[in-house]
Protein chains: 2
Amino acid sequence: MTVDETLDLLRRHDGFHIITHIRPDGDTIGSAAALCYALRRIGKTAYLYDNPQFGDSYGWAAEPYIAPAGFTPGFTVCVDMADVSLMPEGFKGDADLCIDHHPSNSFYAKNTLLFPEKASCGEIIMALVKALCGLDATAADLLYIAVSTDTGCFVYGNTTGETLQAAAELCFAGARNGYLNKLLFRTSSEARLKLEAQIFSSFRYYHEGRTVISVVTRAMLEKAGAAEKDIQDIAALPGRLAGVFTSVMIRETGKGHCKVSVRTNGVADANKICAQFGGGGHKMAAGCVLECGVGAAAELLAASIAREYQ
Amino acid sequence: MTVDETLDLLRRHDGFHIITHIRPDGDTIGSAAALCYALRRIGKTAYLYDNPQFGDSYGWAAEPYIAPAGFTPGFTVCVDMADVSLMPEGFKGDADLCIDHHPSNSFYAKNTLLFPEKASCGEIIMALVKALCGLDATAADLLYIAVSTDTGCFVYGNTTGETLQAAAELCFAGARNGYLNKLLFRTSSEARLKLEAQIFSSFRYYHEGRTVISVVTRAMLEKAGAAEKDIQDIAALPGRLAGVFTSVMIRETGKGHCKVSVRTNGVADANKICAQFGGGGHKMAAGCVLECGVGAAAELLAASIAREYQ
């Protein structure tokens with residue numbers, strides 16, 4: 001679908017129920033809240049599905065828009081959701097419309113507005129909000145949350161000139177970027193910092209320092225008092241080390257069971273490494289699951305990575 | 001001076017010697033290199049003074065522009081330098097022109113182009129480069145380094161819509177933002193990560209958790225193998241903790257001698273706290289020097305901060 005066709009669809013319907021994905025992040029929450037706000041501005045009834053995981057991240061942004069008990073949806077919109085497998089816990093129903101930026105989108109909805117080259121779903125929602133009711137400070141704050149999250153506040157490699165231009169426009173429209181950045185990107189729980197301290201001390205080097213392997217065991221999580229919300233993006237931490245070609249984060253998810261994340265600078269192929277263990281992803285970031293302890297997993301990965309350098 | 005008067009001055013002179021400040025950062029280096037490149041593009045002779053501290057940060061950006069031995073300057077330009085006290089080691093001479101964004105600029109140069117509301121000196125240099133020769137990919141890379149540094153890649157509270165718009169324009173002109181961000185903001189030495197691990201473990205809480213005090217001793221630096229370049233911006237680390245109103249970083253600079261940095265959320269006045277110890281700064285960020293050990297310094301600071309909450 002085009003933006004204009006989507007606008008037409010939104011204007012012709014009412015009773016909007018907007019759905020965020022499991023493990024909701026700033027892009028899905030900010031996109032959903034901004035769309036909900038804009039639909040209300042043009043006189044529609046619109047609510048967010050009460051994702052039971054809102055409490056783990058930016059639920060305060062979603063809170064004013066959550067559907068009351070007994071709300072009967074007329075039109076369901078999924079935002080930033082690539083597949084039905086990402087539907088939030090407890091949600092039952094079909095998607096009338098999906099608005100997304102994931103290249104892997106499975107076209108599960110009756111209608112799909114997809115821009116796979118966009119760094120955020122928020123940039124697509126921004127175009128809709130501007131056309132529906134224009135940007136004001138409230139919409140700009142919500143869209144800023146959406147636009148900034150997936151690029152880690154414009155620092156990751158997926159940040160484009162368009163992303164920065166959208167952010168500039170939102171600031172001009174009144175987005176409180178300094179305040180929001182502090183909340184979103186510059187605040188950590190004590191448990192998170194204690195966990196990072198342990199991770200930074202756990203690095204093991206291989207292949208003359210070109211590979212670093214880090215582990216997070218259940219004992220480390222317990223010692224730090226860390227919960228699921230405290231371990232977001234930990235896979236990126238060992239990759240901060242200067243001179244490293246390939247970084248691996250091995251997370252113990254149960255006894256004899258671990259989740260592996262591989263990041264590379266492009267010299268080694270992360271997808272190829274993880275595919276050997278039944279996983280996959282992209283050349284510079286991939287993952288797999290291993291049925292063994294963290295120590296054995298580290299040795300398996302190190303051997304597989306060594307072959308990539310040959 | 002205005003931008004037009006500055007352009008006129010640059011066009012009328014030749015033999016440019018461009019000076020970066022002590023402890024050079026991305027803003028002074030990127031600004032100097034971009035200006036040097038643009039002056040060469042319009043046929044001028046232009047070089048950077050060989051700041052002996054280039055090696056500590058982004059010297060690779062300055063390297064192609066460093067003046068050879070025996071270069072005789074015709075016109076000297078200081079960039080991102082608020083005062084003569086910030087002249088780099090070994091530099092002797094006067095400043096014909098200063099281009100800066102610090103509100104504290106002391107007007108030490110014969111001519112000054114000052115925009116105190118800009119988040120970076122790079123944004124001012126960008127206007128000059130555009131007028132002199134236009135943006136190409138090389139200029140855009142150098143200006144991106146300058147524009148992104150002082151805002152920590154657009155995350156600090158000084159980031160404005162104008163900063164983001166400048167960054168967007170540089171990306172459209174060919175700046176390799178993803179590659180540069182990785183080098184500038186997402187790469188740490190092993191010593192830095194080991195030091196962070198120790199800092200995260202050193203937090204002491206006061207005033208029901210509203211205050212956190214962290215120390216960096218010489219022993220900690222030695223244990224981590226950390227040098228001056230590894231401790232940039234460490235004062236910001238304790239402020240990452242959720243729920244903290246005031247954060248203090250106490251760095252042992254010698255026996256019975258320490259440097260204190262205070263950051264607040266605006267409830268306590270950092271400037272007032274530090275002024276009691278002969279220091280100063282702003283309401284949300286200030287510093288002072290204490291002639292005592294780190295333990296005694298922590299108690300003095302905690303008592304002073306307690307009075308601020310009353």
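Any value given below was found using the heavy atoms of this structure, including those in side chains, with hydrogens, waters and symmetry copies removed. What you see is a predicted model, and the numbers here were worked out from it, not measured in a lab. Labels below follow one simple rule: chain letters A, B, ... track the order of the sequence lines, proteins then strands, and each chain is numbered from 1.
Interface check for chain B: of the options A/E190, A/K194, A/R192, A/Q198, the most heavy-atom pairs under 4.5 Å are formed by A/E190. Of the listed residues B/N265, B/L180, B/T187, B/L237, the one with more heavy-atom pairs under 4.5 angstrom with chain A than any other is B/T187. Interface remark: of the candidates B/C153, B/G178, B/A168, B/A168 forms the most heavy-atom pairs closer than 4.5 Å to chain A. For the options A/G152, A/S188, A/A173, A/A242, heavy-atom pairs under 4.5 Å to chain B are most numerous at A/S188. Among A/Q165, A/K182, A/R186, the residue making the largest number of heavy-atom pairs under 4.5 Å with chain B is A/R186. No other option in B/T163, B/L193, B/N181 has as many heavy-atom pairs under 4.5 Å with chain A as B/L193. Contact tally against chain B (heavy-atom pairs below 4.5 Å) for A/C171, A/G157, A/G161: the top residue is A/G161.
One finds no salt bridge joining A/D269 and A/K283 here, because no Lys/Arg side-chain nitrogen approaches an Asp/Glu carboxylate oxygen to under 4.0 Å. Ion pairing between a basic and an acidic side chain is recognised when a charged N comes within 4.0 Å of a carboxylate O; B/E169 and B/K130 show such pairing.
Residue-environment remark: NZ (B/K118) exceeds the threshold of 12 foreign heavy atoms within 6.0 Å. Around OH of B/Y205, the count of heavy atoms belonging to other residues, nucleotides or ligands within 6.0 Å exceeds 12.
Side chains of A/T149 and A/Y58: a donor-acceptor N/O pair is absent below 3.5 angstrom, by distance only. A donor atom on one side chain and an acceptor atom on the other are not found under 3.5 Å apart for B/T246 and B/Y206. Looking at A/S31 and A/T28, their side chains never bring a donor and an acceptor atom within 3.5 Å of each other.
Proximity to chain B is limited to the side chain of A/F203, based on heavy atoms less than 4.5 angstrom apart. With a threshold of 4.5 angstrom between heavy atoms, B/Y156 approaches chain A through its backbone and through its side chain. Proximity to chain B (any heavy atom under 4.5 Å) is shown, for A/E162, by both the backbone and the side chain. If you measure heavy-atom distances from A/F154 to chain B, the contacts under 4.5 Å come from both the backbone and the side chain. Interface residue A/S189: only backbone heavy atoms are found under 4.5 Å from chain B.
Taking 4.5 Å as the limit, some side-chain heavy atom of B/I199 sits within range of a side-chain heavy atom of B/V216.
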